[in-house]
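Down below is the structure, laid out as structure tokens.
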Amino acid sequence: MTGLGFVWKNLYRKKTRTFLTFFCLYIAFLLYVALGSIAVVFSVDTISGELGANRLQTSAKYSMIDDIPKRYVDEISQLDGVELVTHMSWFGGYYKEPNNMLVTFPVDPSTFFRVYPEYEISDEHLTAFLETRRGMVAPISLVERYEWKVGDIIPIGSQIYPQEDGNYIWEFELVGSYTPDQDGQTAVLLQYDYFEEATAFGKGAVGWLAIQISDPQLAPELSQQIDSMYINSSDPVRTATESESNRQFLAQYGNITLMMSGILLAVFFTILLVCANTMAQAFRERIAELGVLKTIGFNDYRLGLWMLSEAIWLSVIPAVFGVLIGMGVLFMLGSSGATAMFVPTPPMSVVLSTAASSLGLALALGVIVGAIPALTTTRMSIVDAMHA
Amino acid sequence: MAFIELINVVKNYTKGSEVVHVLQDLNLSLNAGDFLALMGPSGSGKSTLLNLIGGIDKPTAGRVVVGGAELGGMSSSQLAKWRSESIGFVFQFYNLLPFLTAQRNIELPLLLTNLRGAQRKENAMTALRTVSLDDRAKHKPGQLSGGQQQRVAIARAIVADPQILVCDEPTGDLDRQSAQEILELLEILNDRFKKTIIMVTHDPLAAEHAKKVLHLDKGVLVESTEEAVSA
């Protein structure tokens with residue numbers, strides 16, 4: 001038996017209590033990693049840091065669900081400092097079942113992949129997309145998951161747009177796949193021309209524009225210029241950098257970061273009490289034993305250190321499990337595309353950073369709850385301890 | 001100089017505003033290899049005297065010198081190290097750790113040494129054989145009788161081979177037969193292994209096993225008798 005072995009044996013001497021404390025902490029750290037990672041994704045800093053600095057986004061001024069005229073693409077393309085304009089529309093797509101949602105955008109293939117170079121597509125697939133009227137491309141992960149093959153006719157339902165015959169089920173031909181820059185990105189891209197031709201309404205309209213500009217420094221000036229162009233029209237617009245637009249979009253859900261931080265704070269305050277209570281009980285139960293150990297010759301500092309390390313193990317062990325399971329959950333959500341619909345999938349760097357901070361938090365928690373028992377252990381006289 | 005010497009020792013405790021005088025100007029000398037029984041009524045200061053000799057308490061005044069070491073001048077850490085090397089403690093209620101096996105309990109003092117795990121285990125088994133409990137090595141205290149637990153406690157006290165055994169009513173919680181076995185074991189440790197033993201007891205029959213008996217009353221040494229060890 002070693003000193004560490006002695007600490008471990010102490011930790012497990014009340015198995016039920018230790019297990020229940022572990023379980024509380026495990027759940028808390030699982031929540032921390034899962035919610036914490038998502039909260040980070042919703043924060044302004046992350047959004048700003050992740051998205052392209054040389055793209056503007058123009059959408060309807062009053063609501064993002066309103067369309068804007070497609071002719072704005074050509075008009076804005078004429079402005080100095082604008083390199084390229086592409087457009088997207090929210091199709092409200094699903095595959096097979098309405099609850100199996102797909103992020104689906106009708107786009108202009110000739111410009112989309114130039115404005116979004118981080119979406120990599122082979123020349124062969126891009127040419128096919130350009131030339132196939134009912135063409136669609138999908139991220140490689142989605143193609144593999146549904147075992148689609150090039151040439152397949154994929155039925156995609158729309159929650160919004162019926163075809164002219166009233167049918168909400170559309171058929172597209174898969175002509176290729178692309179590789180997105182972010183794990184979990186599941187947007188299916190459709191040929192806008194075909195969509196516009198066949199839709200029962202919304203012809204000549206698009207959802208929003210993505211504008212590639214020559215210099216990020218021009219963003220404020222161009223945004224103002226574009227908004228001014230349509231301020232007195234029936235379709236006024238709001239233009240902002242892509243990061244700002246995304247932040248505003250996510251803000252529709254409320255202050256997610258604040259809400260999640262509040263939940264996590266409450267969770268951690270509770271587990272601090274749980275953990276402190278466990279350590280306080282463990283300490284009270286063994287005051288006489290500590291007296292015996294001091295009598296045998298264990299010095300104050302060694303026993304205090306053992307008490308502290310027991311508290312640290314108590315918080316770190318379940319934290320490790322919670323963090324690993326939490327990361328697994330995020331990974332599964334990301335790869336299934338379940339988060340892509342309403343919540344951005346946290347990038348691996350964010351998850352790893354949250355995991356690291358979780359373990360740091362667990363360490364701090366252990367030190368906080370172990371400090372008082374450890375200090376009391378070092379200060380306790382043998383005579384008093386033996387009479388406890 | 002005697003092996004254990006207490007010179008003009010005073011020990012007071014403070015309870016609120018009241019000062020309790022436990023030991024008053026006490027002088028005592030013991031030689032190496034002595035087996036002393038300390039007797040006296042409750043509250044007479046027996047355990048306090050034992051604590052002073054064992055280095056787990058310090059006198060209010062006076063000197064305590066054990067094996068040439070002046071205990072009053074040592075820091076808490078120095079005293080802890082000295083105890084681990086020089087003293088073995090045996091308590092009335094055994095004070096074994098309930099979640100450790102007999103062997104692990106005995107190994108505890110050896111964690112303070114530089115011995116390797118295998119050597120610690122071997123030493124613990126040797127101590128268990130000395131108290132005739134090597135077949136109970138894997139038993140936890142709850143699976144042993146009172147007498148067996150006290151023998152394990154004695155094995156723990158001797159495993160680091162200290163010169164002195166300090167026993168606080170070692171038979172106080174045992175039936176007569178178990179008590180007799182423990183006392184015989186202490187005699188063997190004194191005779192064969194030359195351990196100096198100081199034993200606090202209320203039991204005159206237990207005191208008969210000691211070579212020397214001291215009586216304390218209200219903190220004062222009132223009687224000293226030297227007796228032959230009972231066979």
Side-chain angles (χ1 to χ4, degrees), chain A residues 1-19 21 278-279 281-310 313-314 373-388, chain B residues 11 13 22 47-48 50-52 54-58 74-101 103-113 115-118 120-121 124 140-142 153 156-157 159-160 162 166 168:
Chain A
M1 186 175 63
T2 59
L4 181 63
F6 184 76
V7 170
W8 275 78
K9 283 196 175 291
N10 260 313
L11 191 60
Y12 291 109
R13 61 193 293 180
K14 300 274 186 186
K15 291 185 176 61
T16 306
R17 184 173 67 196
T18 301
F19 171 77
T21 307
T278 301
M279 278 311 295
Q281 279 186 30
F283 173 71
R284 276 198 301 273
E285 285 165 4
R286 68 178 80 145
I287 289 176
E289 288 176 13
L290 290 167
V292 171
L293 291 170
K294 285 192 177 193
T295 303
I296 287 173
F298 289 89
N299 68 38
D300 299 339
Y301 303 107
R302 183 190 293 240
L303 293 176
L305 198 64
W306 281 1
M307 193 57 81
L308 186 65
S309 63
E310 187 177 328
W313 284 118
L314 183 72
L375 277 175
T376 312
T377 298
T378 59
R379 292 173 181 172
M380 188 170 55
S381 84
I382 297 175
V383 175
D384 290 341
M386 296 295 284
H387 286 107
Chain B
K11 181 65 186 178
Y13 287 114
V22 184
S47 294
T48 301
L50 206 61
N51 290 343
L52 292 176
I56 59 178
D57 206 354
K58 288 186 175 181
M74 289 188 183
S75 69
S76 167
S77 294
Q78 287 171 325
L79 273 175
K81 187 170 190 309
W82 176 81
R83 282 196 303 272
S84 72
E85 292 167 349
S86 309
I87 308 278
F89 289 88
V90 181
F91 306 96
Q92 179 179 359
F93 298 109
Y94 334 125
N95 288 90
L96 300 173
L97 302 193
F99 59 98
L100 297 179
T101 62
Q103 181 210 311
R104 300 280 199 202
N105 264 289
I106 295 165
E107 270 189 64
L108 274 176
L110 301 178
L111 291 180
L112 298 163
T113 67
L115 294 177
R116 289 179 172 276
R120 287 201 300 266
K121 188 177 174 183
K140 289 187 176 171
R156 181 179 66 187
V159 72
V166 167
D168 193 355

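Sequence lines set the chain letters: A, B, ... in the order given, protein chains first and strands last, and positions in each chain run from 1.
A side-chain contact (heavy atoms from CB on, under 4.5 Å) with B/R120 is found for exactly one of B/L111, B/L108, B/V159, namely B/L111.
With a 4.5 angstrom heavy-atom cutoff, A/I296 touches chain B via backbone and side-chain atoms both. For B/N95, the parts sitting under 4.5 Å from any heavy atom of chain A are the backbone and the side chain alike. With a 4.5 Å cut-off on non-hydrogen atoms, A/Y12 does not touch chain B at all. Proximity to chain B is limited to the side chain of A/R302, based on heavy atoms less than 4.5 angstrom apart.
Using a cutoff of 4.0 Å between basic side-chain nitrogens and carboxylate oxygens, A/E285 and A/R17 are scored as salt-bridged.
Here CG of B/L79 is found 6.0 Å from CZ of B/R83. Values are rounded to the nearest 0.5 Å.
Looking at every heavy atom in both residues, B/P141 comes nearest to B/L100 through CD-O, 3.1 Å.
No side-chain donor-acceptor contact under 3.5 Å links B/N105 and B/Y94.
In terms of non-hydrogen atom pairs under 4.5 Å with chain B, the most contact-rich of A/T295, A/V383, A/I382, A/N299 is A/T295.
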